[in-house]
Amino acid sequence: ALKSDILAGRFGRPRRFRCLYLWPRDEAYYRRNDWAGKKRAADRAWILDSPAQNAMAHDLHNMFYLLGKARDASAVPAEVESELYRANTIENYDTAAARMRTEEGVGLLFLVTHASAGTKGPVLSLEFERGVVRCLSRASGLWAEFADGTRREYGLPDETPMKKLWDAIDGARSGARPVCGLEAAASQTLCVDAMQDACPEILDFPREILRTCEDGGSRWISVEGLDAALEACYEADALPSELGFAWAAPAGALKLGPDYEFPSLKRKADGRP
């Protein structure tokens, strides 16, 4: 319903999209299989497991999907800046701050972590010429506030969680083109690849700011002050390094052309794995 209104021109031109999601994951999360938090599988196949590729992949995908110019299309990232951090003892990152720009020039900010002290989000602000679409949590639903003072509710995306499965089954039976097929889903994959390429070295948070949290039998690692830091980045539309946090490092940047392939030619030339 939201995308239909966007395509119909009700919102006007998109200006800026932002997403913040703080969702701690405990020790059991990273022990539940042999690929959690890994860059590669045992056979060297790429996994790139991370918040952006797993738990919050939907939130990253949705921003590109809503900007797509057709019902079954997504916008495509043309430039990606990323800062990737790690609190847990894993191979890949558990915290990401990324700024993307689509081929049409729309800016997206994506701030996610599994090393937060608390849970918050997904918090969304999707700004258009004539209104803003907002979300505060999985329970708040999506709604739009228009410049003329009107409001429209779009409901809870999770209200019918099995619908996607039955839609897929129906599509396989009938041959109907899916709402979100491989072409639309590819933008999220392309963005995750570019985030990893732009920042190939994961930065460990300083040990002195790591904290152990416990709740209901779960234990997880959090980073002191990280929740507030990412919230400040969301409000300022900035990356952590741009706000000067002591643990942050300048973002890596990558421009994506039509021939981009992960890992990039630059990394291959450098001999990086």
Side-chain angles (χ1 to χ4, degrees), residues 19 21 23-65 68 72-98 100 108 110 112-115 164-165 167-169 171-172 178-205 220-221 251-273:
C19 174
Y21 207 160
W23 195 358
R25 293 303 212 186
D26 62 11
E27 294 170 335
Y29 177 82
Y30 287 109
R31 293 199 306 260
R32 75 192 193 282
N33 54 46
D34 63 356
W35 51 260
K38 295 287 185 65
K39 291 183 180 180
R40 287 181 180 265
D43 63 0
R44 304 297 290 164
W46 291 108
I47 298 173
L48 304 183
D49 183 55
S50 71
Q53 179 74 326
N54 199 331
M56 291 88 153
H58 318 284
D59 307 281
L60 178 60
H61 162 75
N62 285 340
M63 291 195 290
F64 288 110
Y65 176 69
D72 58 355
S74 292
V76 177
E79 186 173 353
V80 173
E81 298 176 81
S82 62
E83 299 178 18
L84 307 179
Y85 303 97
R86 176 173 51 209
N88 288 275
T89 307
I90 56 176
E91 186 179 4
N92 212 10
Y93 60 92
D94 53 37
T95 302
M100 294 77 70
L108 286 66
F110 185 64
V112 294
T113 185
H114 286 329
K164 59 189 174 185
L165 175 61
D167 284 349
I169 293 171
V179 172
C180 181
L182 293 177
E183 296 92 342
S187 289
Q188 181 269 339
T189 303
L190 181 62
C191 186
V192 166
D193 287 351
M195 287 169 60
Q196 202 92 46
D197 243 347
C199 186
E201 304 300 329
I202 313 302
L203 186 65
D204 290 304
F205 286 108
W220 72 94
I221 302 298
L254 187 70
K255 290 187 177 180
L256 309 181
D259 298 325
Y260 172 72
E261 180 181 325
F262 178 83
S264 70
L265 294 176
K266 180 179 184 301
R267 288 184 62 194
K268 291 176 183 176
D270 290 346
R272 295 172 181 169

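Just so you know, these numbers come straight off a predicted model, no measurement behind them.
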Given the ring of Trp46, does Arg44 sit roughly above its face, with NZ or CZ under 6.0 Å from the centre of the six-membered ring and within 45° of the axis?
no
Heavy-atom side-chain proximity of Val179 to Asp167 below 4.5 angstrom
no
Does a side-chain heavy-atom distance below 4.5 Å link Asp72 with Glu183?
no
Taking C-beta and beyond as the side chain, do Tyr65 and Gln188 meet within less than 4.5 Å on heavy atoms?
no
Interatomic distance, Asp26 atom CG to Arg31 atom CZ [nearest 0.5 angstrom]
8.0 Å
If I take atom NZ from residue Lys38 and atom CG from residue Leu48, how far apart are they, to the nearest 0.5 angstrom?
13.0 Å
Check whether more than 12 heavy atoms from other residues, nucleotides or ligands sit under 6.0 Å from atom CG of Leu182, and answer yes or no.
no
Roughly how far, to the nearest 0.5 Å, is CZ of Phe110 from SG of Cys191?
8.0 Å
Is the shortest heavy-atom distance from the side chain of Lys39 to the side chain of Gln196 under 4.5 Å?
yes
Less than 4.5 Å apart, side chain to side chain, heavy atoms only: is that true for Met100 and Leu60?
yes
Side-chain contact, heavy-atom cut-off 4.5 Å: Met195 with Ser50?
no
Looking at side-chain heavy atoms only, is the closest gap between Tyr30 and Asp94 below 4.5 Å?
yes
For Asn54 and Asp49, run side-chain hydrogen bond (donor to acceptor under 3.5 Å, both in side chains): C-alpha distance rounded to whole Å, both residues' side-chain angles, the deciding distance at 0.1 Å, then the answer.
CA-CA 6 Å; Asn54 199 331; Asp49 183 55; 3.0 Å; yes
Any donor-acceptor pair under 3.5 Å linking the side chain of His114 with the backbone of Thr95?
no
Could you pull out the closest heavy-atom pair between Pro51 and Val112, with the gap in Å?
CB-CG2, 3.9 Å
N/O donor-acceptor pair under 3.5 Å between Asp193 side chain and Phe262 backbone:
no
Does any N or O in the side chain of Ser187 come within less than 3.5 Å of the main-chain N or O of Ala75, such that one atom is a donor and the other an acceptor?
yes
Which heavy-atom pair separates Arg40 from Ile47 by the least distance, and what is that distance?
C-CD1, 3.6 Å
Taking all atoms of both residues into account, what is the closest heavy-atom pair of Ile202 and Glu91, and its distance?
CG1-O, 4.2 Å
Taking all non-hydrogen atoms of both residues into account, name the closest pair between Ala115 and Ala87 and its distance.
CB-CB, 3.7 Å
Within this structure, what is the CZ-CG distance for the pair Arg25 and Asn88, rounded to the nearest 0.5 Å?
11.5 Å
Nearest atoms (heavy-atom pairs only) where Leu84 meets Ala96:
CD2-CB, 3.8 Å
Quick one, Phe64 and Pro77 - any side-chain contact, counting heavy atoms below 4.5 Å?
yes
Do the charged groups of Asp204 and Arg86 touch, with an N to O distance under 4.0 Å?
yes
Between CD of Glu81 and NZ of Lys255, what distance do you get to the nearest 0.5 Å?
10.5 Å
Mind listing the closest non-hydrogen atom pair of Leu254 and Tyr260 along with its distance?
CD2-CE1, 3.7 Å
Atom CD1 of Ile221 and atom OG1 of Thr89: how far apart are they, to the nearest 0.5 Å?
7.5 Å
